[in-house]
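Let me begin by presenting the structure, written as structure tokens, before commenting on it.
Order of listing sets the numbers, starting from 1, for every ligand and every atom in it.
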Amino acid sequence: MLIDTYGRTATDLRVSLTDRCNLRCTYCMPEEGLQWLAKPDLLTDDEIVRLIDVAARLLGIEEVRFTGGEPLLRPGLVGIVERVAALRPRPRMSLTTNGIGLRRTAAALKAAGLDRVNVSLDTLRPDVFKTLTRRDRHQDVLAGLAAASDAGLTPVKVNTVLMPGLNADEAPDLLAWAVEHAYELRFIEQMPLDAQHGWTRDGMVTAGDILASLRTRFDLTPQTPDDRGSAPAERWLVDGGPHKVGVIASVTRPFCGACDRTRLTADGQIRTCLFAREETDLRAALRGDATDEELAEMWRVAMWGKKAGAGLDDPTFVQPDRPMSAIGG
Ligand code: SAM
Ligand code: SF4
């Protein structure tokens with residue numbers, strides 16, 4: 001098991017498949033992109049499947065989420081999903097994607113064994129989408145979402161980050177649209193993980209702002225803490241249910257005490273937290289002929305050192321060197 005000194009057990013593994021992306025969301029990447037990881041530094045498909053097998057068989061990982069960068073840009077994605085689906089024990093598998101290209105791949109991903117997707121979409125307005133992501137691909141995302149639903153990659157969840165002056169006024173419209181399409185909408189507070197280090201607490205839309213805005217049009221009933229478990233999203237029933245809306249308030253209502261995550265970057269580093277400043281190099285061990293049990297032990301030691309919290313409220317907080325796109329959000 002992956003336990004830490006605060007008694008938490010990690011059962012949810014986030015695997016970043018690439019740091020590259022075809023969008024340039026302002027809260028994530030600079031306009032010109034970033035210096036991408038070099039190909040030889042990336043884990044191969046075989047290495048990724050092996051580490052997921054170690055995690056599922058020896059370390060109690062029950063859920064794997066593929067992310068990035070944009071995971072649909074990874075050429076071997078369908079094959080990786082297929083091979084992970086054949087592992088015993090077989091972890092549940094989901095994908096966090098910007099949705100571009102999902103129209104073409106949703107059915108193949110479902111057939112390969114993917115259970116679910118989270119698609120990121122911040123706005124219903126094509127012009128705002130273009131400003132926010134610096135690319136004119138709104139239609140592609142909507143088509144990807146529809147394809148995911150049709151393929152049965154359900155429940156389809158939609159991740160939304162609100163930005164002041166851009167889409168902050170869209171919360172109720174987005175929820176009405178999500179209810180209509182049976183997508184589960186989750187708002188994520190903007191976190192200090194952008195490569196440009198442009199985040200400010202005053203410049204972000206808080207969970208409080210989001211809920212106040214939603215309540216101008218909807219009746220929201222909070223779910224009990226028991227319903228939440230270790231899920232980062234606090235959820236509310238919309239107009240009595242069954243539809244729900246979530247808010248992931250990593251900044252203003254952090255959920256570190258219930259965190260059940262561990263992370264693997266595309267270049268084979270274990271991270272215990274999005275905001276961690278230390279990493280454990282599994283790639284070097286893997287390429288140095290470590291056994292499965294040795295890899296598992298390195299992972300256990302890394303997680304044992306997991307900090308109590310992300311420390312966003314600590315005056316000494318320093319943003320990690322890796323931006324979100326290279327960690328895997
Ligand atoms: N490219 C894929 C996507 O956009 O879904 C997967 C990777 S992306 C880093 C994962 C999630 O992180 C997205 O939902 C995105 O909106 C969110 N994200 C990126 N930068 C963020 C930030 N600074 N604060 C909060 N969420 C952020
Ligand atoms: Fe790409 Fe996702 Fe970052 Fe947007 S949030 S730039 S889609 S990695």
Side-chain angles (χ1 to χ4, degrees), residues 14-34 36-37 65-74 77 94-102 105 116-123 128-138 140-141 144-145 148 153 156-164 166-168 174 183-201 203-207 210 232-233 246-255 261 263-266 271 273-275 310 312 319-320 322-329:
R14 305 275 148 142
V15 179
S16 175
L17 296 178
T18 176
D19 59 330
R20 293 173 188 248
C21 192
N22 40 13
L23 296 183
R24 295 286 181 273
C25 304
T26 51
Y27 49 74
C28 185
M29 270 203 213
E31 185 158 14
E32 63 280 10
L34 292 164
W36 309 126
L37 292 167
R65 170 82 60 87
F66 296 110
T67 179
E70 177 43 50
L72 291 178
L73 294 181
R74 174 112 187 176
L77 174 63
S94 57
L95 174 78
T96 297
T97 169
N98 64 28
I100 295 171
L102 197 52
T105 46
R116 250 188 9 76
V117 289
N118 280 27
V119 177
S120 303
L121 178 66
D122 300 328
T123 176
V128 175
F129 184 92
K130 199 170 162 186
T131 308
L132 241 162
T133 67
R134 304 185 178 107
R135 298 287 186 272
D136 197 3
R137 309 294 298 268
H138 194 243
D140 295 310
V141 181
L145 269 163
L153 291 168
V156 173
K157 297 187 182 176
V158 174
N159 290 355
T160 299
V161 178
L162 294 178
M163 300 287 284
L166 277 171
N167 60 344
L174 280 158
Y183 303 143
E184 186 178 321
L185 182 63
R186 297 131 42 94
F187 293 95
I188 308 177
E189 280 183 343
Q190 188 199 354
M191 295 177 272
L193 287 169
D194 56 312
Q196 315 87 294
H197 292 222
W199 179 92
T200 63
R201 190 175 275 254
M204 63 169 278
V205 180
T206 65
I210 296 164
V247 179
I248 302 180
S250 319
V251 179
T252 63
R253 302 184 201 180
F255 41 87
R261 303 230 168 122
R263 294 172 184 275
L264 178 65
T265 65
R271 295 178 63 89
C273 170
L274 269 178
F275 295 97
L312 290 179
Q319 187 172 332
R322 270 188 201 257
M324 179 72 128
S325 55
I327 297 172

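Residue Asp194 has no nitrogen or oxygen atom sitting less than 3.5 Å from a nitrogen or oxygen atom of ligand 1, judged on distance alone. At least one N/O-N/O distance between Glu70 and ligand 1 falls below 3.5 Å. Between Gln190 and ligand 1, no N or O atom pair is found at a separation short of 3.5 Å. Between Thr67 and ligand 1, no N or O atom pair is found at a separation short of 3.5 Å. Polar contact check, Asp122 against ligand 1: no nitrogen or oxygen pair lies under 3.5 Å apart.
At least one N/O/S atom of Cys28, from backbone or side chain, sits under 2.8 Å from atom 3 (Fe) of ligand 2.
Side chain of Arg201 to backbone of Met204: no donor-acceptor contact under 3.5 angstrom is found. Judged by distance alone, the side chain of Arg137 and the main-chain N or O of Arg134 form no donor-acceptor pair under 3.5 Å.
Of the listed options Met191, Lys157, Arg20, Met191 places a heavy atom closest to atom 23 (N) of ligand 1. When the heavy atoms of Arg65, Arg14, Glu189, Gln319 are ranked by distance to atom 25 (C) of ligand 1, first place goes to Glu189.
Residue-ligand proximity, Thr97 to ligand 1, at heavy-atom distances under 4.0 Å covers atoms 2 (C), 3 (C), 5 (O). Per-residue contacts place Asn98 under 4.0 angstrom from the following atoms of ligand 2 (heavy atoms of the residue considered): 7 (S). For ligand 1 and Asn159, the ligand atoms under 4.0 Å from any heavy atom of the residue are 14 (O). Here is the list of ligand 2 atoms found below 4.0 Å of a heavy atom in Leu23: 6 (S), 7 (S). Atoms of ligand 2 lying under 4.0 Å from any heavy atom of Cys25, numbered from 1 in the order shown and given with element: 4 (Fe), 5 (S), 6 (S), 7 (S).
In terms of protein heavy-atom proximity, atom 2 (Fe) of ligand 2 is nearest to Cys21 SG, 4.4 Å. Nearest protein heavy-atom neighbour of atom 8 (S) of ligand 1: Gly68 O, 4.4 Å. From the protein, the heavy atom lying nearest to atom 13 (C) of ligand 1 is Ser120 OG, 3.2 Å.
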- Val161/Asn159 under side chain to side chain contact (heavy atoms under 4.5 Å, CB included): CA gap, chis, key distance, verdict: CA-CA 7 Å; Val161 178; Asn159 290 355; over 6 Å; no
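Side-chain atoms of Thr265 and Arg271 form no donor-acceptor pair, as typed in the model, at a separation below 3.5 Å. Looking only at atom types and distance, the side chain of Glu70 has no donor-acceptor partner in the side chain of Asn22 under 3.5 Å away.
The shell of residues lying under 4.0 angstrom from ligand 1, judged by heavy atoms, includes Gly69.
With Arg65 as the fixed residue, the side-chain contact (heavy atoms from CB on, under 4.5 Å) test singles out one of Arg116, Arg261, Arg263: Arg116.
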